[in-house]
Every structure is written in structure tokens, then in C-alpha cells.
Amino acid sequence: MKQAALYIVATPIGNLADIGQRAIEVLANVDLIAAEDTRHSRYLLQHYNIRTPAQSYHEHNEEQQTPKLIDKLLAGMSIALVSDAGTPLLSDPGYRLVRAAHEAGIAVIPVPGPCAAIAALSASGLPTDRYCFYGFPPAKTVARQHFFESLSKIDSTLVFYESSHRIVDSLYDMVAAFGEAREAVLARELTKTFETIRKAPLAELHTLVVESEQQRKGEFVLILAGSGSVKDENSTTVDVDQLLRILLQELPLSKASQVAAKITGMKKNQLYKIALEIQSI
Ligand code: SAM
């Protein structure tokens with residue numbers, strides 16, 4: 001590789017074909033690959049006939065490995081960082097290394113590609129103009145409950161990772177914190193054979209994983225609509241114009257507005273104005 005730099009290379013999240021040409025070239029041409037799990041990455045590297053030496057870089061050795069990798073970069077080596085799946089640093093190791101590289105004046109070059117959160121979000125049918133990524137919820141029940149409660153009023157779309165061990169518990173706690181009706185998406189085994197993308201109110205998703213052993217297996221992204229998009233339980237789906245037209249056939253204007261206010265929860269004087277307009281047509 002001509003440029004001594006730290007390359008942050010995204011790799012597939014299931015389907016081995018989901019890798020870009022540039023990622024393959026970078027992995028083939030760097031001096032060293034720092035991999036979260038070298039045995040895991042070997043499968044991908046062999047598939048693409050990449051023979052670059054690899055060494056492990058994971059959460060248990062990153063403190064000790066970071067300065068060694070920085071020394072290699074400063075000596076002119078090019079290094080690619082990969083994780084087991086998806087984009088490094090996204091709920092994966094690498095933050096310490098990227099930070100140290102910036103401090104040492106080393107170029108950090110992203111080679112973008114798969115990321116489970118973004119893949120799920122793109123297929124979720126929930127608003128993507130503003131979203132918050134929260135990674136894995138806490139593993140312990142009380143901490144998880146507090147965590148979800150603290151997010152219940154956020155009006156951006158919320159994105160979480162979850163494992164098969166805790167998917168049932170997390171959905172249970174989400175129902176308690178966000179309400180049964182909160183619109184949500186369960187994205188399971190993305191890009192793999194048993195990919196499932198299910199959009200439903202939270203309570204239904206909880207029932208789904210409780211009742212189906214198959215739907216509890218694999219890897220999950222959970223996406224929740226923000227609080228802003230939750231329908232107010234008192235809100236109405238009544239067609240106000242039509243309601244007033246019917247009431248006006250039976251009642252005087254003031255009484256019709258009063259009854260419509262009771263049915264819809266809207267202000268009586270607002271309904272009175274609409275009723276006036278209807279009458280004047
Ligand atoms: N860095 C990765 C990325 O860019 O998506 C995420 C790594 S994190 C340690 C692993 C978690 O990501 C899984 O527990 C799951 O929540 C989510 N995940 C990874 N692959 C997935 C897939 N194919 N389908 C659904 N979720 C996935």
C-alpha cells in the first residue's frame with residue numbers, strides 16, 4: 001500500500017458478497033490487518049484469496065496493542081482494521097486506536113460498507129431524517145429498565161442492537177417503558193438465509209419472539225419510532241367535516257359543535273367555525 005495509513009474497513013454482516021471492490025483491494029494491499037478475531041476474519045480473507053498477515057485487536061488487548069500498532073504506522077506501515085462483522089467501532093473495538101492515530105498525526109481512512117444498524121434503518125419504514133443509535137441496552141434488568149425509561153420521550157427514531165440471549169427480556173422492558181403501541185421494527189439475521197424484518201407495535205413483536213423459537217434466534221436490530229410519532233390515545237381519526245355535516249342535519253349549529261367537541265376532543269369554538277363554513281356552502 002502506498003500510503004501509510006489506518007484503514008477502517010467494513011466487512012459483511014452475513015452475506016459474504018456484501019463487500020466492496022475497494023475494501024478487497026485495501027485488505028489485499030495493506031501490510032497488516034488488525035482483526036477483532038483472526039480466525040473469524042480468516043474465512044472472509046480466504047474467500048477473497050487475501051493473504052495479508054493478520055493479528056488480533058479486540059477489547060481485551062486493545063490497551064496493550066494500540067501503542068504497538070501506532071509505532072508500526074509511524075514506521076510507515078499501512079494497517080486495516082476489521083471487526084467480526086460490519087463497520088468497526090460501531091459497537092465494536094477500534095475507538096482507542098482511531099483516537100491514538102489522530103493524536104499521532106496518522107491518516108485515518110474509512111472504507112465504508114455494511115452496518116447492521118444502517119441496513120435495518122434503511123428497510124424499517126420509520127423516519128430516518130433523525131435517529132439515535134444506542135448500541136446494546138444494558139444486560140442487567142434494572143439498568144436496562146432505567147435506560148429505556150430515560151429514552152421514552154425522545155422523538156427521534158431509536159436504534160438498538162440485541163442478542164438472542166436478551167431479545168425477549170429487552171422487548172418486554174421496551175413495552176413497559178415505551179408502551180404497547182409504540183411502532184417498532186425487528187430486523188433479524190440481516191442479509192442471511194433467515195432474514196426477517198417485521199414492523200409492528202412493540203407488544204406484537206414481544207409476542208412474536210415469545211411464541212416463536214425461530215424468531216428468537218440469531219442477531220437483531222430493534223428500531224423504535226420516536227415519541228413524536230406515537231398517536232395520542234385521545235386523538236381522533238374521525239372525519240370532522242363529515243361528522244359536522246351529519247350533526248347539522250339533526251341539530252342547531254351550537255349544539256352540533258358541542259356534540260362534535262365531545263366526540264373529537266377538539267375545541268367547541270373551532271368546530272363552530274367549521275360548522276359555520278359548512279352551513280354557508
Ligand atoms: N459493527 C457491527 C455493525 O456495523 O453492524 C455491529 C457489531 S455488534 C458486536 C454485533 C451486533 O450487531 C449483533 O448482536 C446484532 O445486534 C447486530 N448485527 C450484526 N449483524 C447483524 C445481522 N446480520 N442482522 C441483524 N443484526 C446484526
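We count ligands from 1, going down the list as the structure has it; atoms in each ligand are counted the same way. Residues: numbered from 1 along the sequence shown. Here the structure is a predicted model, which means the values were calculated and not measured. Worth knowing before you read on, the calculation uses all heavy atoms, side chains too, and leaves out hydrogens, waters and symmetry mates.
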Numbered atoms and elements of ligand 1 in range of Gly86, under 4.0 angstrom, heavy atoms
3 (C), 4 (O)
Proximity of Glu195 to ligand 1 by residue part, where a heavy atom lies under 4.0 Å:
neither
Nearest protein heavy atom with distance in Å, relative to atom 7 (C) of ligand 1:
Asp92 OD2, 3.3 Å
Where the closest heavy atom to atom 14 (O) of ligand 1 is concerned, which of Phe136, Tyr161, Phe194 has it?
Phe136
Salt bridge or not for Glu183 and Lys199, using N-O below 4.0 Å?
yes
Any N/O pair Leu90/ligand 1 closer than 3.5 Å
yes
Does ligand 1 come near enough to Ser91 that some N or O of the ligand is less than 3.5 Å from an N or O of the residue?
no
Mind checking the CZ-CG spacing from Phe148 to Leu171? Nearest 0.5 Å is all I need.
8.0 Å
Check whether any side-chain heavy atom of Phe194 lies under 4.5 Å from a side-chain heavy atom of Gln214, and answer yes or no.
yes
Checking a contact table here: which protein heavy atom is nearest atom 2 (C) of ligand 1, and how many Å away?
Ala85 O, 3.2 Å
Look at the side chain of Ser280 and the backbone N and O of Glu277, then say whether any donor-acceptor pair between them is shorter than 3.5 Å.
yes
For Ser83 and ligand 1, does the shortest N/O to N/O distance drop below 3.5 Å?
no
Check each atom of ligand 1 against the heavy atoms of Thr87 and keep those under 4.0 Å away; list them by number with element.
1 (N), 3 (C), 4 (O)
Which of the atoms of ligand 1 are close to Lys192, meaning less than 4.0 Å from one of its heavy atoms?
23 (N)
Do Asp92 and Ser83 have side-chain N/O donor and acceptor atoms under 3.5 Å apart?
yes
Can you tell which part of Ala187 has a heavy atom less than 4.0 Å from ligand 1: side chain, backbone, both or neither?
backbone
Residues, nucleotides or ligands: over 12 heavy atoms within 6.0 Å of Glu149 CD:
yes
Does ligand 1 have an atom that lies less than 4.0 angstrom from a heavy atom of Val221?
yes
Determine, using heavy atoms of Gly14 and all atoms of ligand 1, whether some pair is separated by less than 4.0 Å.
no
Please list, in number order, the atoms of ligand 1 under 4.0 Å from a heavy atom of Phe220.
15 (C), 16 (O), 25 (C), 26 (N)
Answer side chain, backbone, both or neither: which part of Leu190 comes under 4.0 Å from ligand 1, heavy atoms only.
both
Would a distance-only check, ignoring hydrogens and angles, find a side-chain to backbone donor-acceptor pair under 3.5 Å from Arg144 to Pro137?
no
Who's the nearest protein heavy-atom neighbour of atom 25 (C) of ligand 1, and how far?
Glu219 O, 3.2 Å
Residues, nucleotides or ligands: over 12 heavy atoms within 6.0 Å of Lys192 NZ
yes
Show the atoms of ligand 1 that are less than 4.0 angstrom away from any heavy atom in Glu162.
14 (O), 15 (C), 16 (O)
Between Phe220 and Phe160, is the ring centre distance below 6.0 Å?
no
Quick check for you: to the nearest 0.5 Å, what is the distance between Leu27 atom CG and Ile33 atom CD1?
4.5 Å
For the CD atom on Gln242, are there more than 12 heavy atoms of other groups (residues, nucleotides or ligands in this structure) within a distance under 6.0 Å?
no
Side chain, backbone, both or neither: which applies to Ala116 and ligand 1 if a contact is any heavy-atom pair less than 4.0 Å apart?
both
